[in-house]
Peer 1: 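Pasting a structure here, questions to come.
Small disclaimer: the values here were computed from a predicted structure and weren't measured.
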Amino acid sequence: MTHDSGKPQRPLPGWLALLFVATLALGTDEFVISGILPSVAIDFGVSAGHAGLLVTAFALAFCLGSPIMAVAADRIDKKTVLVGGLVVFAVANGATAAVTAFWPAILLRVVAGVAAGAVSPTAMAIAGTRAPSGSEGRYLAVATAGLTVALFTGVPVGTWVGQVWSWRGTFILIAVTAMLVAVLSAWLTPRVPGNDPTPLSTRLGPARDWQVLSLVLAMLLCGAGGLTFYSFLGTIIEGELGADPSSITWTLLLVGVVGVGAVFGGGFLTDSRGPRVGRLTIIGGHAIALLAIGIHLTLGGGFGLRFLVLIGVWSLFAWALSPVMQASIIAVDPQRAMLAASLGISGLYGGAGIGAAVGGALIDNLGAASVPLTSSAFLSAACLLAMRKDRPAASVE
């Protein structure tokens, strides 16, 4: 991967927008249940906590299914995997809107999660391998931006649909969007041939490569740090700082707006300075921002301009992470881009799951300030892992 900042940037192709909408649908499907959970629970006749298993089922299937599907589909054209995964994802969501019993809904959420686990790394693999040399970061930023944009566009829209019609309407909307993207992708998305028949041990190469695994572990620590703080941000604002609930809404809007720019900024930084400089800058800045927030809370700082500035700075680094890290991972073994990207996704979501449990224990026993301080420690450890110099891709067997 070369990085020539002197070259004029080419316009982004239309098919890249389809990858963005695809990941937007995935992100909406993952997070939207939090907004429609009460009505889902009532409709199925279960408790809200029980209904939360729908979230767990999708997230675990997404996390575990991503690397499994990457290995299983290694020989298949990536365009075929993308379109097929989107079709299965759409059917699973459409069927979820039709079921009347809870456990079939759980099964369908697993199917949707596995399909999402195939679509997401495939979208990244297509973006990363079809990007012109020196533009990989920009292309990956667009492909991954949908997951970020979903937090304050797809999720609110899906929640609104659920409130106006029913939660079933939300899943129908996601299904229709995914099917439309599948049809357009079959027409417009470029082909990326599958790899030649190779032994399983060769296809699993990235999973045995220490440089890949060290970056995946770094992503796990980043997920444990950054997403833990995000998960408990509302609790900190209302419970610790005593702000009213509307302050949470405005703060999350700030996080989302800054986050969109940050995703593309992370891609630009990767293209202009290279993956290693990009990831160290982003992870290091992320750790420092969380430390500053922790100090603010420790010193008794309240909800106001200073806190919002700190949150804005944190958002800048937090949401720039994914394209920078995925570009780093894919660059190690471009021939196995799909599996490499899927391992990064698993690391991020696995870290988020671990961090949520750690964050809950921290905020219950040590107070709100312990969350960003511990998160900063996670990011600092990730930075140490990410410091290793990149090995030229040509030397990867």
Peer 1: Under the ring-ring contact (aromatic ring centres under 6.0 Å, His included) rule, collect the residues that match up with Phe171, sequence neighbours excluded.
Peer 2: Trp167

Peer 1: Could you tell me which non-hydrogen atom of Asn93 sits nearest to which non-hydrogen atom of Ala175, and how far apart they are?
Peer 2: CB-CB, 4.0 Å

Peer 1: Of the non-hydrogen atoms in Ser375 and Gly225, which two are nearest, and what is the gap between them?
Peer 2: OG-O, 2.9 Å

Peer 1: Heavy atoms, side chains only, cut-off 4.5 Å: are Leu221 and Leu379 in contact?
Peer 2: no

Peer 1: In Å and rounded to the nearest 0.5 Å, what is the CG to CD1 distance from Leu82 to Ile126?
Peer 2: 4.5 Å

Peer 1: Do the side chain of Arg191 and the main chain of Lys78 share a donor and acceptor less than 3.5 angstrom apart?
Peer 2: no

Peer 1: Would you say Trp165 and Val176 are hydrophobically clustered, going by side-chain heavy atoms of ILVMFWY under 4.5 Å?
Peer 2: no

Peer 1: Quick one: do Val111 and Val40 end up in the same hydrophobic cluster if we chain Ile, Leu, Val, Met, Phe, Trp and Tyr together by side-chain heavy atoms under 4.5 Å apart?
Peer 2: no

Peer 1: Going hydrophobic residue to hydrophobic residue with side-chain gaps under 4.5 angstrom, can you get from Val21 over to Leu86?
Peer 2: yes

Peer 1: Could you walk me through whether Ile283 and Cys222 pass the side chain to side chain contact (heavy atoms under 4.5 Å, CB included) check?
Peer 2: CA-CA 8 Å; Ile283 298 175; Cys222 289; 4.1 Å; yes

Peer 1: With sequence neighbours left out, which residue pairs that include part of residues 157-175 fulfil the salt bridge (Lys or Arg N to Asp or Glu O under 4.0 Å) condition?
Peer 2: Asp43-Arg168

Peer 1: Is it true that a side-chain atom of Arg279 and a backbone atom of Ala386 form a donor plus acceptor pair closer than 3.5 Å?
Peer 2: yes

Peer 1: So which atom in Val258 and which in Gly312 form the shortest heavy-atom distance, rounded to 0.1 Å?
Peer 2: CG1-O, 3.6 Å

Peer 1: Holding to side-chain hydrogen bond (donor to acceptor under 3.5 Å, both in side chains), I want the full list of residues that pass it with Arg130, two or more places apart in sequence or in another chain.
Peer 2: none

Peer 1: Please lay out, stage by stage, how Phe102 and Leu54 fare under the test side chain to side chain contact (heavy atoms under 4.5 Å, CB included).
Peer 2: CA-CA 9 Å; Phe102 181 68; Leu54 293 169; 3.9 Å; yes

Peer 1: Are Ile311 and Val313 connected, step by step, through hydrophobic side chains (Ile, Leu, Val, Met, Phe, Trp, Tyr) whose heavy atoms are closer than 4.5 Å?
Peer 2: yes

Peer 1: Below 4.5 Å, heavy atoms only, C-beta onward: do Thr374 and Phe378 meet side chain to side chain?
Peer 2: yes

Peer 1: Find the distance between CG (Leu184) and CG (Leu18) and round it off to the nearest 0.5 Å.
Peer 2: 5.5 Å

Peer 1: Give a yes or no on whether the backbone of Gly367 and the side-chain of Ser370 come within a donor-acceptor separation of less than 3.5 Å.
Peer 2: yes

Peer 1: Do Leu384 and Ile288 share a hydrophobic cluster (ILVMFWY, side-chain heavy atoms under 4.5 Å, transitive)?
Peer 2: no

Peer 1: Atom CG of Leu241 and atom NE2 of His296: how far apart are they, to the nearest 0.5 Å?
Peer 2: 6.0 Å

Peer 1: Kindly give the heavy-atom pair with the smallest separation between Ala218 and Ala382, and that separation in Å.
Peer 2: O-CB, 3.5 Å

Peer 1: With heavy-atom distances below 4.5 Å as the criterion, would you say the side chains of Lys79 and Thr122 are in contact?
Peer 2: no

Peer 1: At what distance, to the nearest 0.5 angstrom, does CG of Leu316 lie from CG of Leu321?
Peer 2: 12.0 Å

Peer 1: Could you check if a side-chain atom of Leu385 sits within less than 4.5 angstrom of a side-chain atom of Leu215, using non-hydrogen atoms only?
Peer 2: no

Peer 1: Once salt bridge (Lys or Arg N to Asp or Glu O under 4.0 Å) is applied, what residue pairs with a partner in residues 101-115 remain, sequence neighbours excluded?
Peer 2: Asp29-Arg109

Peer 1: What pair of heavy atoms forms the shortest contact from Leu108 to Ala92, and how long is it?
Peer 2: O-CB, 3.8 Å

Peer 1: Return the set of residues passing ring-ring contact (aromatic ring centres under 6.0 Å, His included) with Phe303 (not counting sequence neighbours), or none when no residue passes.
Peer 2: Phe307

Peer 1: Nearest 0.5 angstrom please: Thr189 OG1 to Leu19 CG, how far?
Peer 2: 5.5 Å

Peer 1: Does any part of the side chain of Ile293, heavy atoms only, come nearer than 4.5 Å to the side chain of Phe229, both counted from C-beta?
Peer 2: yes

Peer 1: State which residues pass side chain to side chain contact (heavy atoms under 4.5 Å, CB included) with Leu373; sequence neighbours excluded, sorted by chain then number.
Peer 2: Leu291, Thr298

Peer 1: Drop me the distance from Trp319's CH2 to Trp314's CH2, to the nearest 0.5 angstrom.
Peer 2: 6.0 Å

Peer 1: Let's go through Val99 and Phe44 carefully: what are the C-alpha distance in whole Å and the side-chain angles of both, what is the deciding distance for side chain to side chain contact (heavy atoms under 4.5 Å, CB included) to 0.1 Å, and is it a yes or a no?
Peer 2: CA-CA 10 Å; Val99 297; Phe44 282 132; 4.1 Å; yes

Peer 1: Taking all non-hydrogen atoms of both residues, which atom of Val88 and which atom of Ala115 are closest, and how far apart?
Peer 2: CG1-CB, 4.0 Å

